[in-house]
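As a basis for the values below, the full set of heavy atoms in this structure was taken, side chains included, without hydrogen atoms, waters or symmetry mates. Lettering follows sequence order; numbering is per chain, from 1.
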2 protein chains.
Amino acid sequence: MDLKQLKSLISVVENNLNISQAADQLHLVQSAVSQQISRLEEEIGVKLFNRKGKRLAGLTPVGDEIVAYAYRTLANANSILEIAHDHINEFEGMLRIGTTHTQAQYILPPVIKAFSQEYPEVELQIHQGTPQQLVTKALHDEVDFAICTEALSESKDLVSMPSYNWNRSLITLKDSALLESDEITLEKLSTYPIVTYVHGFTGREVFNETFKKAGLKPQIVLSAADTDVIKTYVRSGMGVGVIANMTYVTDKDSDLVLRDLSELFPWETTKIAYKKDKYLRRHQQRFIDLFQGSVLKQEGLVAP
Amino acid sequence: MDLKQLKSLISVVENNLNISQAADQLHLVQSAVSQQISRLEEEIGVKLFNRKGKRLAGLTPVGDEIVAYAYRTLANANSILEIAHDHINEFEGMLRIGTTHTQAQYILPPVIKAFSQEYPEVELQIHQGTPQQLVTKALHDEVDFAICTEALSESKDLVSMPSYNWNRSLITLKDSALLESDEITLEKLSTYPIVTYVHGFTGREVFNETFKKAGLKPQIVLSAADTDVIKTYVRSGMGVGVIANMTYVTDKDSDLVLRDLSELFPWETTKIAYKKDKYLRRHQQRFIDLFQGSVLKQEGLVAP
DNA sequence: TCAGCTTACGGCTCACGTAACAATA
DNA sequence: TATTGTTACGTGAGCCGTAAGCTGA
């Protein structure tokens, strides 16, 4: 067995069982990849793919199991290269962060800035996606870190480190009727049209849960993955906004009134996660430190 | 990079940096292995070994890190072969159990018997060693399972499953003065010469701790890794024996008097462990089931 | 008919083995 | 001097690419 064969296998799987595409990706001709797969199958004595005539039509059950271990094998082999590169030049390389819009826009900028001053030669990539997508990307080594609030703890193949706690705030136009009452309750809130995050993002599940437990049904008139969009529609008068508290920017959002809602909702924890067994290069380790340090310094991000 | 290169690397490390020996083990000539290492070092751009002239004189720090990942890479690659073999013939193969004398002699026989009836074609190996050695063997894939009481929980790279609880019993000759008192206490015990297990085996640490906490010092006249040896010396009148309760065999040991000591000492837990991420072949999984099931059936092995 | 996989075959790379050399203990 | 690692070099296995043959859609 050979790493080349495993690479071919994975590439074929990732290209929807299209050997020709896989060959392109691997910079080989199609017959070469075909041979790799054949040899692998012959060597281990098991068919990896179901075939319809000469077309591939899905992985066999064994193939499926083997693909999982092929991923791990290649990931470990890759770590060896990373260790070596790290030792040759700590300051060169790449850092791929997978995160949601909220983090990328409101939390990461100071961290990224500090990091890139320390490591100007390291190429930074920010991959955006839903928490579920980020988990997948981290597991398939398409990003080095995933930073978000949801989904990270659900995979036991990720190491996830709690980074900071946050809760929700209300934003409204200055003349909103909701502001007239001294205390805002879930009940009152549920009588107003609300603009907040879509399913899967930035604590929306917990948001729903909270209303449900109280026997209430919020009126969501619009939901978005993106706090900027929420603010825009609140400004246009569509409803009151419920956003993560760290996304209110005093300078730019002073036309909106802010009310803390942390008495009404549970606290949330944003985490940074990476694949278990991943070798962390020194600059990657440093990024984690910077992230954990920076978020602690920002006001209001840590639970009382 | 190539799996062959990693195999060479590991083999050299395991043969105390002796390339010639490694070559023998790999069924290659010495120059071939030498070249593998050179090519690997050149390819990743890092020296893996410190050299004194032309002799290898230790791993570099990078080399050390890389060796750890090389182990994992090969273990995963190996899992792929196991998956395939398992699918071709679940009933063929090998099962390597690492355990202590106590388990091998008093607990495993019925499990082994049942297993080998189900899988007559599977070759069984019992590797004996100290708990520490068993951990190492399991981590380096020299055994499939380690079964013992100590040391297993200390490595986070092992999955260990609690299997059964046991405590200690006293064995003496029939005319021992210790038997005259109705209740046996730690204090009384400490006035008699004791024969029990050596350091590192079968609960000896906890045994020591228990006396120490009570402010007592037991008189250990002889210690052994092996219950049979302990019994022999108790029979010869050297002292009273403190043994694991599951090692008293009513049929054969009726010349010795048995007293339960579980009021005096904490309970111990024997576990079965395997390397995290290891692929378990079906017959291996079955062995665990048999082991867990069998020990539950045996009387007196589970804490009240 | 086209897209896509397999098979046959030739060339070439590269890993292994032999052998000579170098260096340590 | 014996043991062990490196280097040089010839050979052969095996991988890649070209090209022709199949086979579903």
Asks: Determine whether more than 12 heavy atoms belonging to other residues, nucleotides or ligands lie under 6.0 Å from atom OH of Tyr71(A).
Replies: yes

Asks: Give the rounded distance in Å between these two atoms: CD of Gln5(A) and P of dC15(D).
Replies: 7 Å

Asks: Could you give the CG-to-P distance, from Leu48(A) to dT6(C), as a whole number of Å?
Replies: 12 Å

Asks: Within the 4.0 Å heavy-atom criterion, would you say Ser31(A) contacts the bases, only the backbone, or no part of the nucleic acid?
Replies: base

Asks: Starting at the 5' end of DNA chain D and moving along, which residue's nearest nucleotide shows up first, Gln35(B) or Lys52(A)?
Replies: Gln35(B)

Asks: Can you tell me how far P of dT6(C) sits from CD of Glu41(A), to the nearest Å?
Replies: 8 Å

Asks: So among His85(B), His283(B), Gln125(B), which one has a side-chain contact (heavy atoms from CB on, under 4.5 Å) with Met94(B)?
Replies: Gln125(B)

Asks: What's Leu17(B) touching, base or sugar-phosphate or nothing? Going by heavy atoms closer than 4.0 Å.
Replies: sugar-phosphate

Asks: Would you mind classifying the nucleic acid contact of Gln30(A) as base, sugar-phosphate or nothing, using non-hydrogen atoms under 4.0 angstrom?
Replies: base

Asks: Separation of Leu40(A) atom CG from dT6(C) atom P, in whole Å?
Replies: 13 Å

Asks: Is Gln36(B) touching bases, backbone alone, or none of the nucleic acid, heavy atoms closer than 4.0 Å?
Replies: sugar-phosphate

Asks: For the pair made of CG in Leu56(B) and P in dG5(D), what is the distance, rounded to whole Å?
Replies: 6 Å

Asks: With a cut-off of less than 4.0 Å, is there a side-chain N or O of Arg39(B) near OP1 or OP2 of dC16(C)?
Replies: yes

Asks: If I take atom CG in residue Leu6(A) and atom P in nucleotide dC15(D), what distance separates them, rounded to the nearest angstrom?
Replies: 13 Å

Asks: Drop me the distance from Thr102(B)'s OG1 to Asp226(B)'s CG, to the nearest 0.5 angstrom.
Replies: 7.0 Å

Asks: Please confirm whether any donor atom in the side chain of Arg55(A) sits under 3.5 Å from an acceptor in the base of dA25(D), or the reverse.
Replies: no

Asks: Report the distance from atom CZ of Phe49(A) to atom P of dG4(C), rounded to the nearest whole Å.
Replies: 16 Å

Asks: Choosing from dA15(C), dG5(D), dT18(D), which nucleotide comes nearest the side chain of Lys4(B)?
Replies: dA15(C)

Asks: For a quick test of reading the model, state the closest non-hydrogen atom pair linking Leu9(B) to Leu48(B) and the distance between them.
Replies: CD1-CD1, 4.1 Å

Asks: What does Ile37(A) touch in the nucleic acid at a heavy-atom separation under 4.0 angstrom: a base, only the sugar-phosphate, or nothing?
Replies: nothing

Asks: What integer distance in Å separates Lys7(A):NZ from dC16(D):C1'?
Replies: 16 Å

Asks: Looking at His140(A), I want to see if its NE2 is surrounded by more than 12 non-hydrogen atoms of other residues, nucleotides or ligands under 6.0 Å.
Replies: yes

